[in-house]
Asker: 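Once you've had a glance at the structure underneath, I'll fire off some questions.
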Amino acid sequence: MTEQLYKPHEIETQVQQYWEHNDSFKAVESPGQEKFYCLCMFPYPSGRLHMGHVRNYTIGDVISRYQRMLGKNVLQPMGWDAFGLPAERAAIKHSLPPADWTRENIVYMREQLRRLGFGYDWSRELTTCDPQYYRWEQWLFGRMLDKGLAYKAKAVVNWDRVDQTVLANEQVIEGRGWRSGATVERREIPQWFLRITDYAEELLQELDQLDWPEPVKIMQRNWIGRSEGVEVAFAVESTDKVLRVYTTRPDTLLGVSYMAVAPEHPLAIEAAACNPKLQAFLADCQRSAVSEAAVETIEKQGMPLGINAIHPVSSEKIPIWVANFVLINYGTGAVMAVPAHDQRDYEFAKAYHLPIKQVIAPAGPEQECHLDECAFVEKGVMVSSGLYDGLTSAEGFNAIATDLEAQGRGVRRVNYRLRDWLVSRQRYWGAPIPVINSSAGEPAPVPDAHLPVVLPEDVSFDGVGSPIKKMPEFFEITDPESGEKWTRETDTFDTFMESSWYYARFCSPDSHGAMLDQRADYWLPVDLYIGGIEHAILHLLYARFYHKVMRDEGLVRGDEPFTRLLTQGMVLKDGAKMSKSKGNTVDPKDLIEKYGADTVRLFVMFAAPPDQALEWSDAGVKGAYRFLRRLWRRVHDHVAAEVAGQQDLNAAGLDKRQKDMRRLLHDTIAKASDDIGRRYTFNTAIAAVMELLNAVGKYEVRGAQDHALNQEVLEAVVLILSPIVPHICHVLWQELGNTTAIVDERWLTADPRARMAESVQIVVQVNGKLRARLKVATDISEDALREVVLLDANVKRFVDGKKIRKLIVVPGKLVNVVV
RNA sequence: GCCCAGGUGGCGGAAUUGGUAGACGCGCUGGCUUCAGGUGCCAGUGGGGGCAACCCCGUGGAGGUUCAAGUCCUCUCCUGGGCACCA
């Protein structure tokens with residue numbers, strides 16, 4: 001007797017070849033058939049897949065295969081987010097052009113994805129560093145320029161003067177450049193922006209319609225940061241200048257005791273011109289980091305500018321200060337400070353001995369105000385505000401806003417925290433910005449006929465500045481007709497540009513005459529988008545913005561790109577995120593070699609629900625492998641079993657033992673369908689199938705009907721597991737006597753008749769404490785149930801001698817006796 | 001600083017609508033099978049008490065609502081994540 005062993009590598013190779021030869025996952029538009037576009041965030045080709053990728057793509061593949069079994073026309077594409085900073089770092093380290101490094105990585109990672117058995121339509125593969133891809137991004141940028149959606153303005157960056165480069169926040173380590181060690185400066189340079197703020201209101205409003213995790217929607221709402229307030233104009237003493245500030249609390253206007261402007265504000269710069277101390281302070285601020293987290297946690301510092309503003313209501317003189325916590329790119333870059341009613345202003349006022357003037361009093365006894373300790377930031381009733389005394393904060397808001405507007409000293413404004421999207425990067429490895437500059441420095445778009453502007457790939461890369469900034473053959477242009485000299489823009493696009501529309505390009509990746517074609521109307525929007533929670537704000541907001549720009553350009557229908565979103569949790573090991581720097585990575589390659597792709601897929605889906613962090617466990621992987629081996633053996637034992645007289649299952653003629661087994665089967669089908677299809681809790685679906693398989697292992701086959709029942713159970717187990725572990729299930733499906741490929745099979749529906757039970761277990765509590773479990777007929781009357789409950793010996797022990805006050809009955813579940 | 005998520009056995013996790021806490025898996029303990037094992041099978045496994053039936057305690061902490069709380073409310077402690085040039 002030769003036992004057939006589970007050899008994952010053999011069968012996985014065979015099954016993958018079957019899919020490839022049959023083009024199993026090629027997605028073809030089929031009007032009339034319901035489509036399902038399942039997209040996972042495409043990877044940055046960093047070298048090799050990490051566990052986060054494996055998890056992300058397994059989740060997507062399981063859902064895609066499940067949807068396909070429901071009969072839908074499924075599109076599951078894959079591509080490469082190929083531009084980015086790591087390629088530049090690697091180029092410096094290995095003296096290899098970023099393009100070569102990136103393409104080598106893609107070849108390797110593509111093979112890893114194949115090896116994991118993901119059902120991608122590889123004919124749609126795209127790579128963002130391909131000029132045939134980014135040419136359309138350059139083209140759309142031209143349209144945005146036409147519409148005024150793209151514009152040039154100055155912005156602050158982290159500048160490393162040694163490496164002659166701009167640094168990402170993550171490259172600034174304790175105020176110094178990560179490579180050069182040079183002190184990082186804040187520098188203002190002209191850069192390109194996209195007017196995402198034009199869409200702020202729509203981006204905010206349409207969040208409500210999206211089937212996205214609530215935390216992600218909250219993060220986007222906060223990021224957009226809509227507020228209603230008043231822009232107030234303060235005259236600057238003995239000048240004709242006006243200092244504009246934005247406040248959401250005009251009701252506190254009479255409590256202003258100083259003004260604070262950002263270090264980059266024109267008033268600060270002007271005042272510093274003849275004040276060396278002030279100049280030193282501004283220079284100091286230049287050196288501190290620009291991120292919001294840094295600004296919020298630094299020690300609040302400031303200096304008076306020596307000039308005053310005139311209060312628009314009281315005409316009082318208000319000193320103007322410069323402060324390091326005021327952000328130049330939010331609001332007007334200046335704030336009116338009301339120490340009594342804003343905690344930050346309060347702390348600043350205490351530190352610099354500025355007046356604290358209360359103008360809002362608690363509206364009732366439930367509010368507490370201790371101005372000797374902290375600001376009173378709640379809304380209340382106005383005091384010490386002259387004509388406005390006695391008004392509530394809300395009434396005062398309106399009264400003051402109306403009065404200021406009437407006097408031309410203020411205007412109601414909706415403000416957004418959202419800032420325009422800065423898309424210029426002073427880096428090499430990105431899509432060139434399709435702009436040329438005249439000798440006078442005036443920018444002009446590159447004509448469509450000259451697109452794409454191709455990034456030179458054969459470059460030597462030393463890390464000091466961008467190579468194309470040193471290549472006259474790239475940036476020097478002479479108009480062949482007029483002889484006029486132009487300079488090509490050498491900045492490249494933020495890589496979020498490419499990832500903002502790739503989901504749409506997958507619909508028509510081979511369209512060479514246009515960015516998109518009508519196939520996009522069939523596939524879009526993406527029905528389910530899956531990726532890391534770390535993209536909750538930027539990528540997802542930019543892609544939504546891009547979709548609306550494309551919509552307004554007539555390229556896509558619909559307002560939103562991603563109908564449903566699934567954010568997957570991190571992969572941890574020893575409680576920390578897996579990362580090279582922590583040295584706690586597990587290479588998927590080693591695991592696949594050791595156990596096969598199915599084991600890796602099963603473990604990743606079983607260890608935790610997809611949106612939670614997943615704690616890596618080598619022992620858990622072994623457990624997954626053991627389960628697959630057990631499944632393999634169970635099926636082969638069944639197939640090999642010799643049973644006299646093969647019979648079809650006669651569901652109506654089963655005995656109690658058989659009915660119980662069959663009920664468990666159909667309960668499991670129902671649970672797995674709900675878990676996989678609706679809840680996305682694959683771990684509990686797998687657990688349910690494990691229980692079923694455990695039960696089938698204990699189930700004694702006594703005759704032909706038992707054998708037939710076993711056949712039904714095992715076929716169901718293999719079908720349910722097939723989206724998760726598709727290779728082994730492909731083989732076992734055929735071992736069970738089927739001639740079809742399981743990838744083309746349909747999902748099962750639970751039979752309600754098989755799920756009906758004659759008896760049910762009732763939990764009996766006395767005063768909420770569990771005292772008995774009773775098995776009763778499903779159709780027992782409530783009165784009969786009460787009677788049975790009170791006859792139970794253990795229940796009696798706790799009830800006897802006491803008065804029954806109440807009897808709570810939850811039908812089919814529970815009885816609680818209250819004594 | 002602000003925002004978000006999460007604290008349940010030795011571990012990963014389950015408990016879906018307020019109704020049996022700990023499903024399933026790992027690990028561990030004991031036993032059987034095997035020349036052997038990164039094998040298979042059986043039994044046990046939150047803490048405490050009891051020969052047992054059972055009983056008491058138990059979901060980070062403190063209060064509260066309820067017949068009933070891991071789940072709802074208030075306060076609090078801890079951990080992880082994000083905060084605009086990483087993707």
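Letters go in sequence order (proteins before strands), and every chain restarts at 1.
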Asker: Glycosidic conformation of G9(B), syn or anti, with 90° from 0 as the boundary?
Answerer: syn

Asker: Please state the C1' separation for the pair G81(B) and G44(B) - nearest whole angstrom.
Answerer: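 These two C1' atoms come out 40 Å apart once rounded.
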
Asker: Indicate, yes or no, whether a donor-acceptor pair under 3.5 Å links the base of U20(B) to the side chain of Lys769(A).
Answerer: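 It does not, because no donor-acceptor pair links the side chain of Lys769(A) to the base of U20(B) below 3.5 Å.
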
Asker: Do the side chain of Gln191(A) and the base of C85(B) come within less than 3.5 angstrom through a donor-acceptor pair of N or O atoms?
Answerer: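 When only heavy-atom distances are counted, Gln191(A) does reach the base of C85(B) through a donor-acceptor pair under 3.5 Å.
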
Asker: Please classify the nucleic acid contact of Val763(A) as base, sugar-phosphate, or nothing, using heavy-atom distances under 4.0 Å.
Answerer: base

Asker: Determine the contact category for Phe42(A): base if any of its heavy atoms lies under 4.0 Å from a base atom, sugar-phosphate if only primed atoms, P, OP1 or OP2 are that close, otherwise nothing.
Answerer: nothing

Asker: Taking the six-membered ring for Trp, are the ring centroids of Phe348(A) and Phe325(A) within less than 6.0 Å of each other?
Answerer: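 Judged by ring-centre distance (under 6.0 Å), Phe348(A) and Phe325(A) do meet the cut-off.
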
Asker: Taking only the C1' atom of each, what is the distance from U8(B) to U59(B) in whole angstrom?
Answerer: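 Here U8(B) and U59(B) have their C1' atoms 4 Å from each other.
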
Asker: Under 4.5 Å between any side-chain heavy atoms of Pro610(A) and Phe682(A), yes or no?
Answerer: yes

Asker: Write down the partner of A5(B) under the Watson-Crick or G-U wobble criteria, each distance required to be under 3.5 Å.
Answerer: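 Its partner is U79(B).
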
Asker: Centroid separation under 6.0 Å, is that true for the rings of Tyr503(A) and Tyr529(A)?
Answerer: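 Ring centroids of Tyr529(A) and Tyr503(A) are no less than 6.0 Å from each other.
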
Asker: Out of A23(B), C56(B), A84(B), which nucleotide sits closest to the side chain of Glu691(A)?
Answerer: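 Between A23(B), C56(B), A84(B), the one nearest the side chain of Glu691(A) would be A23(B).
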
Asker: Is Glu615(A) side chain donor-acceptor paired with the C11(B) base, going by distance under 3.5 Å alone?
Answerer: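 Check fails, no donor-acceptor contact within cut-off.
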
Asker: Give me the distance, rounded to whole Å, that separates U20(B) from G46(B) when you measure between the C1' atoms they each carry.
Answerer: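 The same atom, C1', in both gives a distance of 16 Å.
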
Asker: Given G13(B), G27(B), U16(B), which nucleotide is nearest the side-chain atoms of Pro609(A)?
Answerer: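 Comparing G13(B), G27(B), U16(B) against the side chain of Pro609(A), the answer is G13(B).
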
